[in-house]
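All ligand and atom numbering here is 1-based and tracks the order in the structure. Everything numeric in this text was worked out from a predicted model, so none of it was measured.
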Amino acid sequence: MAEKILVIGATGQIGSDLVPALRAKFGNENVVGMGSKAKPSEELLQGPFEFADAADRNALEALIKKYEIKTVYHLASILSAKGEQDPELAWKVNMGSLKNVLDLAREYKMKVFWTSSIAAFGPTTPRDNTPQRTVLEPTTMYGVTKVSGELLCQYYFLKHGVDVRSLRYPGLISYKALPGGGTTDYAIAIFYEALQKKQYTCFLREDSTLPMMYMPDAIKATINIMEAPASKIAIRTSYNLAAVSFSPKEIAAEVKKHIPEFQCTYVPDFRQKIADSWPKSIDDSAARRDWGWKHEYTLERMTKEMLEKLSEKLGAK
Ligand code: AKB
């Protein structure tokens, strides 16, 4: 019998792409999607799907027992902008769920993947080519939960031998599901608005360069790090991960190559301060060296594909 996988946060931005990718590899019936409230897509319902709250230990344990889960991908998280609007909720959801997953992984001998972020860095971190090991003094609650979570993961590995692996994702760009409440969300909204309205008002300054990645690269990295032999995973906090870095002005110019009438204006809001506290580019040489990470998508290729896929999805011209 194939070993069962649980994806927590299946209806979210990463889960909506990761669940189908895992099912294609391991079989629909072997990948259980778990969501808390949002209605799952038709695609997610092609295999087992359950509603539960990862912050509820008993509910999570019941699912782990029901399906005899051996691997958990824990993707559920309150993101940076939403976390600043409700820091209590961010702490409760992000830390409560991770603690439950790690405790249950220890008890049921499960392998774990957990999502960290460039939000683990802060204004005192070197902003260009940010090293793997550097100052971690984030100023958002989301970032605080990511640093705390990274240390908790490493603690469970060192103290209890839990095989937990993690990536510091940059801003992720995808077309299947909308992100919810992040600072890098502008780089997705710009595509929807360009196709539907031919104009977009960006909530960041035009020169706010941030590390970004197209979802197929993120999915590849996630599956690759989980498939690497344990001996190759030298970092048990979280690996830096990078693909491209660009500013709103640069992505707007790229969109304009495909939609010449597109206009982008800039009206920065509270999210600007968050963006200003994050790196511009990331040194991910440890991931490249340890388990062979390599990105594929450039800004040009990603923009072309996003516009094609979203046009199909929206039925737009
Ligand atoms: C956010 O903007 O909050 C996320 C992230 C970079 O972790 N996309």
Side-chain angles (χ1 to χ4, degrees), residues 9 11-18 73-87 89-91 93-95 97-98 113-123 125 127 130 136-150 153 166-192 202-205 208-219 221-222 237-248 251 268-282 284 295 297 302 306:
T11 56
Q13 193 201 358
I14 305 171
S16 297
D17 278 278
L18 184 64
Y73 288 80
H74 179 20
L75 314 173
S77 194
I78 301 289
L79 297 183
S80 57
K82 192 165 171 206
E84 286 317 279
Q85 283 158 343
D86 195 344
L89 181 74
W91 180 265
V93 170
N94 297 2
M95 296 313 295
S97 60
L98 177 61
F113 175 83
W114 177 71
T115 51
S116 189
S117 157
I118 52 164
F121 303 116
T125 307
R127 293 192 73 201
T130 301
L136 295 172
E137 295 180 335
T139 46
T140 61
M141 180 53 95
Y142 176 59
V144 170
T145 66
K146 290 304 171 191
V147 175
S148 312
E150 288 188 8
C153 287
S166 173
L167 295 170
R168 289 175 179 152
Y169 290 114
L172 298 180
I173 294 145
S174 64
Y175 55 87
K176 277 195 186 167
L178 287 169
T183 302
T184 58
D185 294 8
Y186 90 83
I188 299 166
I190 195 169
F191 289 107
Y192 282 85
C202 181
F203 56 75
L204 294 184
R205 268 193 333 263
S208 296
T209 299
L210 288 169
M212 299 279 189
M213 183 178 285
Y214 190 38
M215 191 59 89
D217 271 340
I219 297 301
T222 307
T237 49
S238 191
Y239 274 93
N240 278 8
L241 188 73
V244 290
S245 279
F246 56 77
S247 65
I251 190 173
D269 67 12
F270 74 100
R271 288 168 280 195
Q272 185 63 55
K273 197 169 159 217
I274 302 176
D276 288 343
S277 77
W278 289 351
K280 291 182 176 182
S281 59
I282 299 285
D284 64 351
H295 74 279
Y297 283 84
M302 177 194 82
M306 273 297 283

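Here's the thing with Y142: one of its N/O atoms is less than 3.5 angstrom from an N/O atom of ligand 1. Between D185 and ligand 1, a contact under 3.5 Å exists for no N or O pair.
For atom 3 (O) of ligand 1, the closest non-hydrogen atom of the protein is S80 OG, 2.5 Å. Scanning all protein heavy atoms for the shortest distance to atom 2 (O) of ligand 1 gives T183 N, 2.7 Å. Scanning all protein heavy atoms for the shortest distance to atom 8 (N) of ligand 1 gives T184 OG1, 2.9 Å.
Neither the backbone nor the side chain of A119 comes within contact range of ligand 1; no heavy atom lies under 4.0 Å.
The backbone N or O of T115 sits less than 3.5 Å from a side-chain atom of K146, completing a donor-acceptor pair. Looking only at distances, a side-chain donor or acceptor of S245 sits under 3.5 Å from a matching main-chain atom of K280. Of the possible donor and acceptor atoms, none in the side chain of S116 sits under 3.5 Å from a partner among the backbone N and O of Y169.
Close approach to S117 involves these atoms of ligand 1, each under 4.0 Å from a residue heavy atom: 5 (C), 6 (C), 7 (O). Using a 4.0 Å cut-off to heavy atoms of W278, the atoms of ligand 1 that qualify are 1 (C), 2 (O), 3 (O), 6 (C). Remark: ligand 1 atoms within the under-4.0 Å shell around heavy atoms of L79 are 3 (O).
Between the side chains of Q13 and S174, a donor-acceptor pair is found at a separation under 3.5 Å. There is no side-chain donor-acceptor pair under 3.5 Å between T140 and S80.
Ring geometry for F113 against Y73 counts as tilted: the plane angle lies between 30° and 60°, on a 0 to 90° scale. The aromatic rings of Y186 and F246 stand perpendicular to each other, their planes meeting at an angle above 60°, with 30° marking the opposite boundary.
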